[in-house]
Structures are given as C-alpha cells and as structure tokens.
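What follows is a single structure, written as structure tokens, with notes after it.
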Amino acid sequence: MLKDRVITAVLLLVALLVAVFLLPAAGWMLLCAALCGAAAWEWGGLARFERPLRMMSAIVFGVTCLMVGYMAGLADGSLSGGILLLPLYLVSGLFWIFLVPLWLARKWSLSSPTLASLVGFVVLIPTALAMMHLRTLGPWVLLGTMAVVWVADIAAYFSGRAFGRHKLAPSISPGKTWEGAAGAALAVLIFGFGVLVWLGASQPGGALAISVALLAWTAISIIGDLFESLLKRQAGLKDSGSILPGHGGILDRIDSLTSTLPLVAFAAMLLAR
C-alpha cells in the first residue's frame, strides 16, 4: 500500500506541476472545473445520492465553476470580475471556522439531499475557484499554499505513527493523534519560516503574527480532514473513491485543501485591495 501511495503521489505531483506551469489560464480553469465535477460525484457518494442525482451534481458543479470562473476573469487571468469571488470565499471561511467545529462536536449528518447539495456547494465550489484564482496570482503562490497543507499532512502522519498516544478524535478518525497534530504544527512553522528566510523576507516584530497564522492554517487543514473523515464514517466508506491507487478518491486528496485554499484566496484579495 505504501508503494502504491508513493508512486501515485509522484505521478500526481508531476501532473500538477505540468498543468500549473504549462496550461494556459483557460485550460487550467477547465481542469479545475473538471476536478470539481469529479469531486462532486464522490460527494454524492458520501451523501448517498442515487446515481442520476450524483451525475447531475457533477455536471452542475462543474458548469457552475466554469461560469463563475469566466465571469470573474479567470479564463484570461485578468481577474476583472474578481469581486464575485469574495462572497463565496467569505461563506466558505465562516463555514469552516464556525460551523464545522460545531458539526464535528455534534456529529451532524448530511440528512437530506438539499442539505448535502448546499454543503457540497460551500465545500467544493470555492475550493475550485481558489485553485484558479491563486494560480492566476502565480504558479508558486498556488503551489506554496498547497505545500503548507502537504507538509502538515505528511508530518502528522509520520509523527503520529512514531509518537502518537493520545487520540485527537477517536470516534471520527481513530488514527489521528494530538502528537500527530503537534508534529504537523511544528513542521509547518519550520517550513513557513524557512520559506520566508529563503525569500529574504524580513518581518521585524512580525514573527508572532506569522506563527499564529501558520498554526491557524494547520488547525483549519486538520478540521477539513476530520470533516471528510466524519462523512465517510457516516456513509460507511473507507475512501471517497478509488480513482487514485493507494490514496482513494479525489476528495481524499483535497479534504484539507477545501478548508484552506478559499481562506488563503480570501486573504489575498483583501491584501490586494
């Protein structure tokens, strides 16, 4: 299984780098919309939709991404209508920061197709648009944002295996531990400050603020992971799909990105104003 995970991860990384650096803006927008549609298909499985509704959800979500992305100016990289993205990012941020922790504590479920579709919209559409948006700001902006989440995920896995004793959320994801979360936080701090030093960025007196932001980033990524774990457990599924050998489905790979990318894109828009 570890061999399959490594091979798949390498192939995914190569494909991502090729797409991020070589595709034109319109091509990247189409790819992100397609990924959103595929993720919506898997979301329908978590919500236990019948096949026709799953297919309709995939089409509607993919087309919605294309329409909003085009109106926002993401097809040509101009961001001429970027203001359209702000409310979507805001709703996403409020959902992840305030509603999901309560959702995890109460262990709510996707109790109806309407609720499942609404939550799916909030989870998937802003994520796909943030992928388009951050790449428009620069390929390294998107990759750097993703890298923070990857570092947290990898560090949590290995530190949890090595030192994990205290369960983080045993009824949701028994494999996750507080030691793994601490390892993720430490790794993100080292990575974040390492990148700043490498870039020659000097932030006198800003180390505390940067540390808080990186720790919050890590916490939000873990919340995204736990949220999908809860939905999979409620649906009786080990993985959201089987398209990626050793990794499960698309949602299994982007669960932490759904909670972080829209927030980073939102912050980027605020800082640019």
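The figures that follow rest on heavy atoms only: side chains count, while hydrogens, waters and symmetry mates do not.
Contact check for Leu137 versus Leu134: side-chain heavy atoms found under the 4.5 Å cut-off. When side chains are defined from C-beta on, Leu16 does not count as touching Phe21, because their heavy atoms never get closer than 4.5 Å. When side chains are defined from C-beta on, Thr64 counts as touching Val68, because their heavy atoms get closer than 4.5 Å. Proximity of Gln234 to Ser111: side-chain heavy atoms (C-beta onward) are nowhere separated by under 4.5 Å. Contact annotation: the side chain of Phe193 approaches that of Ser211 to within less than 4.5 Å [non-hydrogen atoms, C-beta and beyond]. Using a 4.5 Å heavy-atom cutoff, the side chains of Trp96 and Val122 are not in contact. Within the 4.5 Å cutoff, the side chain of Trp108 has heavy atoms near those of the Leu102 side chain. The closest side-chain heavy-atom distance from Trp217 to Leu214 is below 4.5 Å.
The minimum heavy-atom distance between Ala130 and Tyr89, with the atom names listed, is CA-OH, 3.4 Å. Considering every non-hydrogen atom in both Ala72 and Leu84, the closest pair reads N-CD1, 4.2 Å. Val20 and Pro139 get closest at one heavy-atom pair: CG1-CB, 3.4 Å. Contact record, Ser256 with Asp225: OG-CB, 3.7 Å, taken as the closest heavy-atom pair. Nearest heavy atoms, Ala184 versus Ala152: CB-O, 3.3 Å. Cys65 and Leu129 get closest at one heavy-atom pair: O-CD2, 3.8 Å.
Between the side chain of Lys167 and the backbone N or O of Thr177, no donor-acceptor pair lies under 3.5 Å. Looking only at distances, no side-chain donor or acceptor of Glu228 sits under 3.5 Å from a matching main-chain atom of Asp255. Looking at Glu179, its side chain never comes within 3.5 Å of a backbone N or O of Gly160 through a donor-acceptor pair. No side-chain donor-acceptor contact under 3.5 Å links Arg54 to the backbone of Phe49. Judged by distance alone, the side chain of Ser259 and the main-chain N or O of Ile220 form a donor-acceptor pair under 3.5 Å. For the pair Ser57 (side chain) and Leu53 (backbone), a donor-acceptor distance under 3.5 Å is present. The closest donor-acceptor contact from the side chain of Thr127 to the backbone of Val123 lies under 3.5 Å.
Within a 6.0 Å sphere centred on OH of Tyr70, heavy atoms belonging to other residues, nucleotides or ligands number 12 at most. Heavy-atom neighbours of Trp150 CH2 from other residues, nucleotides or ligands within 6.0 Å: above the threshold of 12. At most 12 non-hydrogen atoms from other residues, nucleotides or ligands lie less than 6.0 angstrom from CZ of Phe163.
With values rounded to the nearest 0.5 angstrom, Leu143 atom CG is found 7.0 Å from Met146 atom CE. For the atom pair CE (Met132) and CH2 (Trp28), the distance works out to 9.5 Å, reported to the nearest 0.5 Å. Separating the CE atom in Met29 from the OG1 atom in Thr136 is a distance of 10.0 Å, to the nearest 0.5 Å. Between the CG atom of Leu142 and the CG atom of Leu261 there is a distance of 7.0 Å, given to the nearest 0.5 Å. Between atom CG of residue Leu23 and atom CZ of residue Arg135 there is a gap of 6.0 Å, rounded to the nearest 0.5 Å. Note: Leu17 CG to Leu12 CG = 11.0 Å, rounded to the nearest 0.5 Å.
A continuous path of Ile, Leu, Val, Met, Phe, Trp and Tyr side chains, each step under 4.5 Å between heavy atoms, connects Leu99 with Leu110, placing both in one hydrophobic cluster. Residues Leu199 and Trp140 share a hydrophobic cluster, clusters being chains of Ile/Leu/Val/Met/Phe/Trp/Tyr side chains in contact below 4.5 Å. Put simply, Leu85 and Met67 are part of two different groups of oily side chains (I, L, V, M, F, W, Y) that touch within less than 4.5 Å, one to the next. Ile190 and Val197 are assigned to two separate hydrophobic clusters, defined by single-linkage of ILVMFWY side chains at heavy-atom distances under 4.5 Å. Val63 and Met56 fall into different hydrophobic clusters, where Ile, Leu, Val, Met, Phe, Trp and Tyr side chains are chained together by heavy-atom contacts under 4.5 Å.
Each of Leu215, Val148, Val149 was evaluated against Val188; a single residue qualifies, Val148, per the side chain to side chain contact (heavy atoms under 4.5 Å, CB included) test.
The six-membered or imidazole ring of Phe61 lies away from that of Trp43, with a centre-to-centre distance of 6.0 Å or more.
Using the six-membered ring where Trp is involved, Trp103 and Phe95 have ring planes that are perpendicular, over 60° apart on the 30 and 60° scheme.
No side-chain donor-acceptor contact under 3.5 Å links Lys232 and Ser240.
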For this session: May I have the step-by-step check of side-chain contact (heavy atoms from CB on, under 4.5 Å) for His133 and Phe266, ending in yes or no?
Result: CA-CA 10 Å; His133 174 197; Phe266 181 68; over 6 Å; no
